[in-house]
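Input: a single structure, listed below in C-alpha cells.
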Protein chains: 2
Amino acid sequence: MARSMHVRRPATLASLAAELGVSRTTVSNAYNRPDQLSPELRRRVLETARRLGYPGPDPVARSLRTRKAGAVGLLLTENLSYAFRDPAAIGFLEGLALACEDAGTGLLLVPANPEREDVAAVHRAGVDGFVVYSVPDDDPHLAAVLERPVPTVVCDQPDLGNVDRVGIDDQAAMHALAQHLISLGHRRVGVVCMRLARDRNDDFVTPERQQAAHFHVQRSRLAGLAQAFASVGVDWATVPVAERFDHTMASGASAAAQVLERDPHITALICTSDILALGAMAELQRRGLRVPADITVTGFDGIREAEQAGLTTVRQPVLEKGRAAGKLLLDSAERTRPRAVTLSTELVEGTTAAPPRGTAEERWFGP
Amino acid sequence: MARSMHVRRPATLASLAAELGVSRTTVSNAYNRPDQLSPELRRRVLETARRLGYPGPDPVARSLRTRKAGAVGLLLTENLSYAFRDPAAIGFLEGLALACEDAGTGLLLVPANPEREDVAAVHRAGVDGFVVYSVPDDDPHLAAVLERPVPTVVCDQPDLGNVDRVGIDDQAAMHALAQHLISLGHRRVGVVCMRLARDRNDDFVTPERQQAAHFHVQRSRLAGLAQAFASVGVDWATVPVAERFDHTMASGASAAAQVLERDPHITALICTSDILALGAMAELQRRGLRVPADITVTGFDGIREAEQAGLTTVRQPVLEKGRAAGKLLLDSAERTRPRAVTLSTELVEGTTAAPPRGTAEERWFGP
DNA sequence: AATTGGTTCTGAACCGTTACGGTCACTTCA
DNA sequence: TGAAGTGACCGTAACGGTTCAGAACCAATT
C-alpha cells in the first residue's frame, strides 16, 4: 500500500523482470537483441519499463560487464579550459572529435591540472583508450595513463617505445624555416619559445635547458634551429632564447622585449608558435619597428590568425593530427604496434620575413 | 608453473588480495582509505600490485559501486566537431570546462548526430549529469537525456518545467537591438536567421514557422524583432526572413543575397548571429554596398571576430553561460529545483549601424 | 515415431569493486 | 581486574547488467 509512498528505489532490470514475471535475460534482450524475443513480449517489456520509470540498462553496469566504455579520454597538458583558447589545440580537438563521432564514441576531457600532481582523474576515467596531447615527457599524468591497461595514442611526444604516436617532424620543419631565414641572409637572430619543462622559467634559456627540455615539440624545434644556424657558423650558445610559461600573446610580447633588450641588433625573431609571434609583432609595432623592414618575425603552426597577419610560419595540419590520433586509437583492429603517423608540414612564406637591412641592396646588384 | 605463460588474465583487486592473503576490503582500503590499514601492509599491497601489474581499482567497477562517474555529459545540437568551429560554442565549452576542472570532474562530449535519430550514445554515457546546449525542443536526444535519472541543466532552451536552466533573455535583447535600429530610423528591414527546426529550410520563413520554431533562441530573437517593429507599425509578415540550416559565413552571405533580391530597398539587415552577419557583410561588400552608408548590418553574440569588424551586435556572456551551467550541475547540494540563471546582455554599438540613407541629412537639419 | 530445426525464454555465472557492519587483539584507565 | 576504547582487518552483500549454454515447446521433415 504505502510502499510506493516512500523513496521508491529506482527500477532496475531485475525489478522489471520480476514485475513481468520473466527473466532478466529477457528484459536485457528486449533492449539489446530485439530478435531474441517475440515482438509481443518486447512490447510488454518496454511498456512496463515506461510505466515503472525504468530508464533502460544502466550504462555503467553495462560497461563493467561488456568491458567497453564507449568513450576515449583526452589528456592535455594544460587546464581543460586552455584547450579552448589555443587555436591549434582547438583544431586538434576538432579533428579528434571528428574521428570520435565517426566511430560513435564519446570524448572525455580528463581534468588534469598540471599544477597539482593529482593523478586521480586519470584513474577515475572510464574510457576505452587515451589520447595524450603534448604533455611533458615526465608528466605524472602521462605515466598514469600508460599504466592503465588500455590502448593509448600520444601526440607530439617523443617515441615512447611501444606506444602509438602521431606528430610531425618538428625538427625538420623548423630546420627548413631556419634555412629560409639563412638564405635571406639572417645570421643574428633571437628566439622566443614556449615552456620547456614543468617549472616556470620566464627568462632566457641555457643550451642545457634547451636540450633537456621535457616538451618534445619545443625541444625538437629548438634543435632544428640550432642545427641549421650552427651549420652556417652561428654560435648557438650566444643566441638569446627567451622562454615563456604561458602560451599567450602577452607572453610573446614580453619575451620579444626581453630578447631585444639583450641584443638590439638581431635581424630576425623566431618564435616557436604563432601565438607568441603575434604577440611579438604587437610589441615590435609598439616599439616602432617595422616588420619585415626593420626585423623579420616568424611563427609556427599556421593558425588562421597568423595567416590573416601574413605571418611567415610553418603550417602543420592540426585537424588532421587530431583525426589521425582518433583513428589510430579506434582502429584498434589487428594492430602491429607500435604504429606511428608523421604528418607533413609546409613552409608558409608570408610577409613578415625579408632579408636583413642592407641586404636587399646587395641583392639588387648581385650576380 | 606454466600458468603465467598463458594469457594471464589481468590482475584484479581480488586476485591481489588472494596473492597477499588479505581481504579485498583491505586492498581496496590501501587505495582509497590509507588510514584504514597499517603503513607496512599498505606498502606491501602497493608493491605486490606493481609486481603483478595491477593498475589500481577499475574505474568502471568503482563507478558502478559508488554510483559516481566523475564526469558530466555535454549534449550539443550539432556534430561534435561543429562545436569547435563556432566561436560562441567554444566560449561556452571553455566556461563549462572551467567549472568542471574546478570540481575535478571530467567532461564527456556525447556524440549526438542530429541527422540520425540514434539516441544510443545518450544511453551509453556514464555520467553524473548532463548539460544540454541549444538543441531543438523536440530533439529526441534531449528527450533521452531527460529520461535518464541524473540531474540535467539545459542551456538556451525554453522552460522545461522542472529542469535547471541557464540562458539569456533573447527576446528582450533582440528587442533592444531592434529599438536601437528603429530609433536610427529603420523601418524597412530584412532578417537572416539560423535554422529554426530540425528540417532543412534554406529559404524564406513564414510567420507561422517563425512562431513554431523549435530552437528557443531563434524563436525568441525573432519574436523580439517582430514585437519591436510591429509596435512602430511595421507589418512583420512582409519582412523577408531568410533561414539557413548551416551556421556558416557562407550561409550568411547567401541568405543576405536572397533577402536583397526579394527587397532591394531594405535599409538594415538584421542577422541572428555574428557569424551570419559577417557572412552577410562579405556579400554586401562583394555587391559594392557600403556598410553602414548604404545599408546597416547587425549581429548577435559578440564574438571576437565581430568586435574586430566593428559589428553592431548584442554581446552575451558565452563563457559565463558555460560556467554557470557547470556550476548549477555540480552544486547539486540542497537544490531547490528548478533553478534558473538568466545572464545579462549588452548592446554593442559598433560601426555597422547608422541611420538609413537620407535620414542623416534630416538629422543635420533636425529640430 | 523419431529426428531435426527454429524460436523463445531461463538459470547461473560473471564483471571488479566498495559499503556496511562487524570481529578480534591489544591498550588504557579507573 | 574488568570495562571501555582503539586500530587493523574481514565477510557479506550489493551495484546493475550481459552472456552462454541449455530447456521447453512446437512444427516440419524423415
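Each chain gets a letter, A, B and so on, in the order the sequences are listed, and its residues count up from 1. Basis for what follows: all heavy atoms, side chains included, without hydrogens, waters or symmetry-related copies.
- B/R24 comes within 4.0 angstrom of a nucleotide base, judged by non-hydrogen atoms across all strands.
- Closest to the side chain of B/T12, out of D/dT19, D/dC10, C/dG16, is C/dG16.
- Side chain of A/T26, nearest nucleotide from C/dT18, C/dT10, D/dG11: C/dT10.
- Summarising the geometry, the separation between CG on B/L20 and C1' on D/dA8 is reported as 15 Å, rounded to the nearest angstrom.
- Between B/R67 and A/D58, at least one side-chain N (NZ, or NE/NH1/NH2) sits under 4.0 Å from a carboxylate O, which counts as a salt bridge.
- Ranking C/dT10, C/dA19, C/dT17 by closeness to the B/T66 side chain, first place goes to C/dA19.
- The nearest whole Å value for the distance from the CG atom in A/L16 to the C1' atom in D/dG17 is 13 Å.
- Taking 3.5 Å as the limit, the base of D/dT18 and the side chain of A/R65 contain a donor-acceptor pair of atoms between them.
- Computed from coordinates, the B/L64 CG to C/dC14 P distance equals 18 Å when rounded to whole Å.
- Of the candidate nucleotides D/dT19, D/dC10, C/dC9, D/dT19 has the atom lying nearest to any side-chain atom of A/S28.
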Scan the side chains in residues 100-112 of chain A for donor-acceptor partners under 3.5 Å anywhere in the protein, sequence neighbours excluded, and list what turns up.
| unit_1 | atom_1 | unit_2 | atom_2 | d |
| --- | --- | --- | --- | --- |
| A/E101 | OE1 | B/L80 | N | 2.6 |
| A/E101 | OE2 | B/S81 | OG | 3.0 |
| A/T105 | OG1 | A/A103 | O | 3.4 |

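- Ring geometry for A/Y54 against A/Y31 counts as perpendicular: the plane angle is over 60°, on a 0 to 90° scale with 30° as the lower cut.
- Taking 3.5 Å as the limit, the base of D/dT19 and the side chain of A/T25 contain a donor-acceptor pair of atoms between them.
- Contacts of A/V60 with the nucleic acid, taken as non-hydrogen atoms under 4.0 Å apart, are absent.
- Each of B/V22 and B/R67 has a nearest nucleotide on DNA chain D; the 5'-most of these lies closest to B/V22.
- One atom, CZ of A/R124, and another, C1' of C/dT18, lie 15 Å apart when rounded to the nearest Å.
- Applying the ring-ring contact (aromatic ring centres under 6.0 Å, His included) rule to A/F130 yields no partners; only residues at least two apart in sequence or on another chain are considered.
- The base of D/dG17 does not come close enough to the side chain of A/S63 for any donor and acceptor atom to sit less than 3.5 Å apart.
- In this structure, B/L13 atom CG and C/dC15 atom P are separated by 14 Å, rounded to whole Å.
- A/L41 is linked by a side chain to side chain contact (heavy atoms under 4.5 Å, CB included) to A/V22, A/T26, A/L37, A/S38, A/R44, A/V45, counting only residues two or more places apart in sequence or in another chain.
- Remark: B/Y82 engages no residue in a ring-ring contact (aromatic ring centres under 6.0 Å, His included) (not counting sequence neighbours).
- Protein atom OH of B/Y54 is 10 Å distant from nucleotide atom P of C/dG16, rounded to whole Å.
- In terms of phosphate contacts, B/R62 brings a side-chain nitrogen or oxygen within less than 4.0 Å of OP1 or OP2 of C/dT18.
- Shown here are the ring-ring contact (aromatic ring centres under 6.0 Å, His included) partners of A/F215, two or more places apart in sequence or in another chain: there are none.
- DNA chain C is contacted by B/N32, B/R33 of residues 30-44 of chain B, taking any non-hydrogen atom closer than 4.0 Å.
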